[in-house]
Protein chains: 2
Amino acid sequence: MLKNAQRATATVGSTTHERIKHDIIFGLLAPGAKLKLSALKEHYGASVSILRETLNSLASEGFVIAEEQRGFFVAPVSREDIEEIANLRVLLEGHALKLSIERGDADWEGHLVAAHHKLHLMEVRMQAGDVSIRETWKRRDWEFHQALIQACDSKNLLALHSIIFDKYLRYQMLVLTFRGDEAAIEHKAILDAALSRDSATAQNILETHILAGLRHALMAF
Amino acid sequence: MLKNAQRATATVGSTTHERIKHDIIFGLLAPGAKLKLSALKEHYGASVSILRETLNSLASEGFVIAEEQRGFFVAPVSREDIEEIANLRVLLEGHALKLSIERGDADWEGHLVAAHHKLHLMEVRMQAGDVSIRETWKRRDWEFHQALIQACDSKNLLALHSIIFDKYLRYQMLVLTFRGDEAAIEHKAILDAALSRDSATAQNILETHILAGLRHALMAF
DNA sequence: TTACGCAAAATATCATATATTATTGACATC
DNA sequence: GATGTCAATAATATATGATATTTTGCGTAA
């Protein structure tokens, strides 16, 4: 009877969690902003308990700062922080990429090629000046990098990487700018190196890719 | 007027968080166990709201599994998981150690020597068969490894490492055994390499140290 | 200016109501 | 007789609003 066509039972807590996390990453909630329970209750239509659950979770992930008896704040941004995040992304994603290239099978290659193709469609539109798809473009970017390391065979590594990637993404969204087709070229180069199982080259280009994004973001600070 | 001599206002939420995390790491709450809200309420003397805040946080850190509409469970243990954790610890702690050795100043050396000394006192007592101080010994072990990487100059890296270290610690506590003075010798060797600023050697011994602990733990599975 | 104290606002905690899942047992089917 | 289906009930998780503490802001006095 497909009453739960798409898992209709999305709990208020989980949807609120996703919404607030999204709003932090995409800059709708400004860095350092006070997160007043009553205001959030108004905006997201959830009770204080739910919001406190959510904010405590996000504090564990590092997107929110919880100060005892003084409430919650959006995690601030800083030069040092983005540098740390970028370097951690190089470390984690580079390591995962190496493992993934060593272990990936035909399915992995298939998903990877598909993810790159879908990303490239967006890159073409961005280069043509269509910024309306910025969020979709970034999601495709996320999915491509995710696909690259999917075969690393370590859930713990993927979980840590996911958090760091999202933090890096927040900085990219804050500076708003598009790095042109440089990034697209690097994506293609990483794809080719991965498919030819050249993990050293793939790691090098990935590092270049991430650190170029870092420099680009730092200019805006 | 030191009215808050030692931050007297420890909130119910934070103490409950610490207690449950401790009980998971030290095996008082068995892997895979169902965490019933009503039972926890009884045991820890906190309301369901507080417990849900706590369990949601711990789920973000990976010590608890939250299944939508079905409740909370202590994170299960497995061979694959401990292998992933050990390898992540090598990656993160190794990297942080290298940075720390490059950047550490005299204060860092001082804290490090002190931490090793205090750890060694416990190692001597463990070797003498006094297992009553097992928990203190492990805390000193934690503090020594923490002191090693403290100068890495990346709060994000330290935060990730702390979580991974605690997960590794849980596996060590599960198997209960003491690796004899091997570990003590390795600790001393890492200390010496760090003080002589030989990061390559320090990293190597650290990797040996962690992977030996892994093998030791795997025997008990 | 600094210190004090009161009022207002915000957070932390709790007890309770609502919604969902799990279990039991009767009845039908193979 | 064993197995499968369904409805009623019990158990549990989710969500809310109310209460108790704590912090903050502001006016007043030294």
Side-chain angles (χ1 to χ4, degrees), chain A residues 1-21 23-24 29-61 63-76, chain B residues 1-21 23-24 29-30 32-76:
Chain A
M1 244 281 203
L2 64 138
K3 59 162 71 167
N4 282 6
Q6 44 191 356
R7 190 67 186 157
T9 26
T11 175
V12 176
S14 61
T15 54
T16 304
H17 182 102
E18 288 312 310
R19 286 180 61 194
I20 295 184
K21 182 169 176 177
D23 289 351
I24 291 176
L29 292 168
K34 180 80 202 287
L35 293 166
K36 286 209 196 88
L37 278 308
S38 55
L40 295 180
K41 179 177 171 172
E42 179 96 5
H43 190 303
Y44 294 99
S47 65
V48 279
S49 308
I50 298 296
L51 288 166
R52 286 183 58 86
E53 286 182 20
T54 298
L55 295 176
N56 273 296
S57 286
L58 290 172
S60 281
E61 295 178 55
F63 294 102
V64 163
I65 304 296
E67 281 189 45
E68 207 113 304
Q69 315 275 39
R70 299 204 41 252
F72 301 90
F73 304 81
V74 178
Chain B
M1 243 282 195
L2 64 138
K3 60 162 68 168
N4 283 3
Q6 44 189 355
R7 192 68 186 155
T9 24
T11 176
V12 177
S14 60
T15 54
T16 306
H17 182 101
E18 287 313 309
R19 286 181 62 196
I20 294 183
K21 183 170 175 176
D23 289 352
I24 291 175
L29 291 168
K34 179 78 200 286
L35 293 166
K36 287 208 194 94
L37 279 305
S38 54
L40 295 179
K41 178 178 172 170
E42 179 96 6
H43 191 303
Y44 294 99
S47 65
V48 276
S49 310
I50 299 295
L51 288 166
R52 286 183 59 84
E53 285 182 21
T54 299
L55 295 177
N56 272 297
S57 286
L58 291 172
S60 281
E61 294 179 54
F63 294 103
V64 162
I65 304 295
E67 282 191 43
E68 206 113 306
Q69 315 276 38
R70 296 204 45 252
F72 301 91
F73 304 81
V74 178

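Proteins get letters first, then strands, A, B, ... in listed order; numbering begins at 1 in each. All values below come from the heavy atoms of this structure, side chains included, with hydrogens, waters and symmetry mates left out.
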For this session: Examine distances only and state if a side-chain atom of B:Ser14 and a backbone atom of B:Ala10 form a donor-acceptor pair shorter than 3.5 Å.
Result: no
Seminar exercise, completed: Tested for side chain to side chain contact (heavy atoms under 4.5 Å, CB included) against B:Tyr44, the lone hit among B:Thr15, B:Ile50, B:Thr54, B:Asp23 is B:Asp23
Exercise. Can you tell me how far C1' of D:dA15 sits from CG of A:Leu51, to the nearest Å?
Worked result: 11 Å
Problem set entry | Distance in angstrom units between B:Glu42 CD and D:dA11 C1', rounded | 16 Å
Exercise. How far does OG of A:Ser60 sit from CG of B:Leu58, to the nearest 0.5 angstrom?
Worked result: 7.0 Å
For this session: Could you check if a side-chain atom of B:Leu40 sits within less than 4.5 angstrom of a side-chain atom of B:Thr16, using non-hydrogen atoms only?
Result: no
Exercise. With a 4.5 Å limit on heavy-atom distance, are the side chains of B:Leu51 and B:Leu35 in contact?
Worked result: no
Would you tabulate the nitrogen or oxygen pairs shorter than 3.5 Å linking the protein to nucleotides 10-17 of chain C?
residue : atom : partner : partner atom : Å
C:dT11  : OP1  : A:Lys34 : NZ           : 3.2
C:dT11  : OP2  : A:Leu37 : N            : 3.4
C:dA12  : OP1  : A:Gln69 : N            : 3.0
C:dA12  : OP2  : A:Arg52 : NH1          : 2.1
C:dA12  : OP2  : A:Arg52 : NH2          : 3.4
C:dA12  : O3'  : B:Thr11 : OG1          : 3.1
C:dT13  : OP1  : B:Thr11 : OG1          : 2.6
C:dT13  : OP1  : B:Val12 : N            : 2.4
C:dT13  : OP1  : B:Gly13 : N            : 3.4
C:dT13  : OP2  : B:Thr11 : OG1          : 3.1
C:dT13  : OP2  : B:Gly13 : N            : 3.4
C:dC14  : OP2  : B:Ser47 : N            : 3.0
C:dC14  : OP2  : B:Ser47 : OG           : 3.1
C:dC14  : N4   : B:Ser49 : OG           : 2.9
C:dA15  : N6   : B:Ser49 : OG           : 3.2

